[in-house]
Asker: 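Mind having a look at this structure? Questions to follow.
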Amino acid sequence: MTQERTIAFLGLGVMGGPMAGHLAAAGYTVTAWNRSEQRRSDWADRQSTDAQAFATIAEAVEGAHIVAACVGNDDDLAQVVLGPKGALAAMSSGALLIDHTTTSAAMARRVAGEAAGREIGFVDAPVSGGQAGAENGKLAIMCGASADDFTRAEPVMQSYAARIVHVGDVGAGQTAKMANQMCIAGTLAGLSEAIRLSQASGLDTDKVFEAISGGAAQSWQMDNRWATMAQDEFDFGFAIDWMRKDLGYALDEAKRLGLSSPVSALVDQFYAEIQAMGGARQDTSALIRRLPKGNTPT
């Protein structure tokens with residue numbers, strides 16, 4: 001395999017693990033890393049190829065001309081990519097770093113600057129679609145990069161994505177992801193109230209879904225979460241802790257731009273209530289838990 005067919009993947013969590021697996025299945029030689037030894041070994045055991053997982057970032061990155069990362073937040077990315085033991089220090093001039101972490105736009109620009117100083121390309125490429133999207137290879141990816149870096153990264157990302165859009169320069173991908181999370185937050189707040197109204201009115205929520213999901217109210221969240229929200233099922237991979245992290249980046253960026261985001265700020269506080277109720281690791285659709293079901297008419 002040439003260097004372009006050897007990819008290092010850093011971060012093997014609920015998103016990164018499946019994404020790295022799709023790369024291996026697509027015929028890339030994957031050299032992976034994760035902080036947890038158990039997760040590293042579990043991932044390697046699931047692969048039917050010669051993919052390998054290493055204990056250090058330097059070992060994973062060595063020989064890979066393309067490196068992808070999918071970790072938790074700004075601090076995690078800084079630890080994994082920057083500094084003397086980070087990925088950039090171990091990457092060669094001419095290599096490309098693709099970051100799938102949802103971070104602040106400022107962090108994306110910081111990493112891009114560090115990469116450019118080493119003659120390394122960079123794409124900020126946060127993903128949407130949740131655990132199911134990662135597992136099924138159907139993620140949506142919004143990218144910030146130069147045209148050349150995006151062109152180079154796109155064939156790699158096609159291994160695990162259904163939609164890839166070059167939004168603009170570095171930082172644009174992260175800003176687009178902030179807009180994505182704002183839309184999800186507002187939609188789930190509306191769904192929560194609509195489901196509770198239906199339940200309190202004694203309606204069959206399946207029938208209500210059938211009646212309204214084909215019209216202007218239709219959304220991915222309605223199609224995939226209406227029934228589970230009505231049944232109090234909230235275990236779908238994207239935790240409220242992570243949504244609050246993402247909304248925090250979005251609200252900070254809006255403030256920097258002099259914008260008001262009252263709906264997103266309000267829903268963020270609603271999520272804080274669910275955290276206080278012990279739902280921090282539940283799916284974002286658990287937003288409905290803060291609303292009482294009311295009294296069903298007899």
Side-chain angles (χ1 to χ4, degrees), residues 1-13 15-17 19-20 23 28-36 39-40 43 51-127 141-157 159-160 166-175 177 245 249:
M1 289 261 180
T2 65
Q3 283 184 316
E4 288 289 301
R5 298 294 297 177
T6 300
I7 299 176
F9 204 101
L10 311 177
L12 300 173
M15 301 294 289
M19 292 160 73
L23 287 170
Y28 290 97
T29 296
V30 181
T31 55
W33 170 88
N34 195 80
R35 287 190 185 95
S36 161
R39 184 159 281 181
R40 289 196 305 268
W43 180 85
Q52 294 178 280
F54 293 92
T56 70
I57 293 170
E59 288 176 296
V61 167
E62 184 180 3
H65 218 52
I66 296 179
V67 177
C70 188
V71 292
N73 55 29
D74 279 20
D75 291 341
D76 294 326
L77 185 65
Q79 291 175 13
V80 169
V81 171
L82 306 178
K85 295 184 178 180
L88 288 177
M91 293 170 68
S92 302
S93 173
L96 176 69
L97 174 63
I98 306 169
D99 178 37
H100 292 303
T101 311
T102 296
T103 69
S104 65
M107 175 55 71
R109 289 187 283 267
R110 177 185 171 191
V111 173
E114 295 271 357
R118 297 175 181 270
E119 297 183 339
I120 294 170
F122 178 71
V123 182
D124 73 281
V127 302
I141 307 180
M142 46 229 81
C143 301
S146 70
D148 288 345
D149 287 345
F150 174 76
T151 297
R152 191 172 166 198
E154 187 175 21
V156 172
M157 298 185 292
S159 301
Y160 41 77
H166 185 197
V167 183
D169 293 334
V170 168
Q174 295 298 344
T175 305
K177 178 62 182 289
K245 180 264 294 185
Y249 291 145

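Residues: numbered from 1 along the sequence shown. From a predicted model like this one, the values you see are computed outputs, not experimental measurements.
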Asker: Can you measure from CD1 (I66) to CE (M157) and round to the nearest 0.5 angstrom?
Answerer: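 It comes to 10.0 Å.
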Asker: Would you please test D124 and T103 for side-chain contact (heavy atoms from CB on, under 4.5 Å) and show each step?
Answerer: CA-CA 9 Å; D124 73 281; T103 69; over 6 Å; no
Asker: If I compare all heavy atoms of N34 with all of R40, which pair ends up nearest, and what's the gap?
Answerer: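 Where N34 meets R40 most closely, the heavy atoms are O-NH1, 2.7 Å.
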Asker: Mind checking the CG-OG spacing from D169 to S146? Nearest 0.5 Å is all I need.
Answerer: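 Output value for this atom pair is 8.0 Å.
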Asker: Would you say the side chain of R152 lies within less than 4.5 Å of the side chain of V123, judging by non-hydrogen atoms?
Answerer: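 No, their side chains stay 4.5 Å or more apart.
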Asker: Looking only at heavy atoms, what is the nearest atom pair of W43 and A32, with distance?
Answerer: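 That would be CZ3-CB, 3.8 Å.
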Asker: Heavy-atom count check: over 12 atoms from other residues, nucleotides or ligands less than 6.0 Å from Q79 CD?
Answerer: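 Check passes, neighbour count above 12.
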Asker: Would one find more than 12 heavy atoms of other residues, nucleotides or ligands at under 6.0 Å from atom CG of N73?
Answerer: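 Above 12, so yes.
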Asker: Quick one: pull up CE in M142 and NE2 in H166 and give me the separation to the nearest 0.5 Å.
Answerer: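 So the gap between those two atoms works out to 13.5 Å.
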Asker: Do we see a donor-acceptor contact under 3.5 Å between the side chains of D99 and T101?
Answerer: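 Judged by distance alone, the side chains do pair up.
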Asker: What pair of heavy atoms forms the shortest contact from C70 to M19, and how long is it?
Answerer: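 In this case the closest contact between C70 and M19 is SG-SD, 4.4 Å.
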Asker: Between H100 and F9, what is the ring plane arrangement, given parallel below 30°, perpendicular above 60°, and tilted in between?
Answerer: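 Parallel, since the angle between the ring planes stays under 30°.
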Asker: Which distance, rounded to the nearest 0.5 Å, do you find between the CZ of F122 and the CZ of R110?
Answerer: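 CZ of R110 is found 11.5 Å from CZ of F122.
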Asker: Which pair of non-hydrogen atoms, one from A8 and one from V61, has the smallest distance, and what is that distance?
Answerer: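 Closest heavy-atom pair between A8 and V61: CB-CA, 3.9 Å.
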Asker: Where do W33 and T56 come nearest, in terms of heavy atoms and distance?
Answerer: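 The pair with the smallest heavy-atom distance is CD1-C, 3.4 Å.
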Asker: Going from CD on E114 to CG on L88, what distance comes out if it is rounded to the nearest 0.5 angstrom?
Answerer: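 Separation between the atoms: 7.0 Å.
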Asker: Is R35 paired with D76 through a side-chain N to carboxylate O contact shorter than 4.0 Å?
Answerer: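 Salt bridge present between D76 and R35.
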Asker: Side chains of D74 and Y249: donor-acceptor distance under 3.5 Å anywhere?
Answerer: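 Per modelled atom types, D74 and Y249 side chains form a pair under 3.5 Å.
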Asker: What heavy-atom pair brings Q174 and S104 nearest, and what distance separates the two atoms?
Answerer: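 Closest pair (atom of Q174, atom of S104, distance): CG-O, 4.1 Å.
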Asker: Nearest 0.5 Å please: distance from the OG1 atom of T31 over to the CD1 atom of I57.
Answerer: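 Between atom OG1 of T31 and atom CD1 of I57 there are 12.0 Å.
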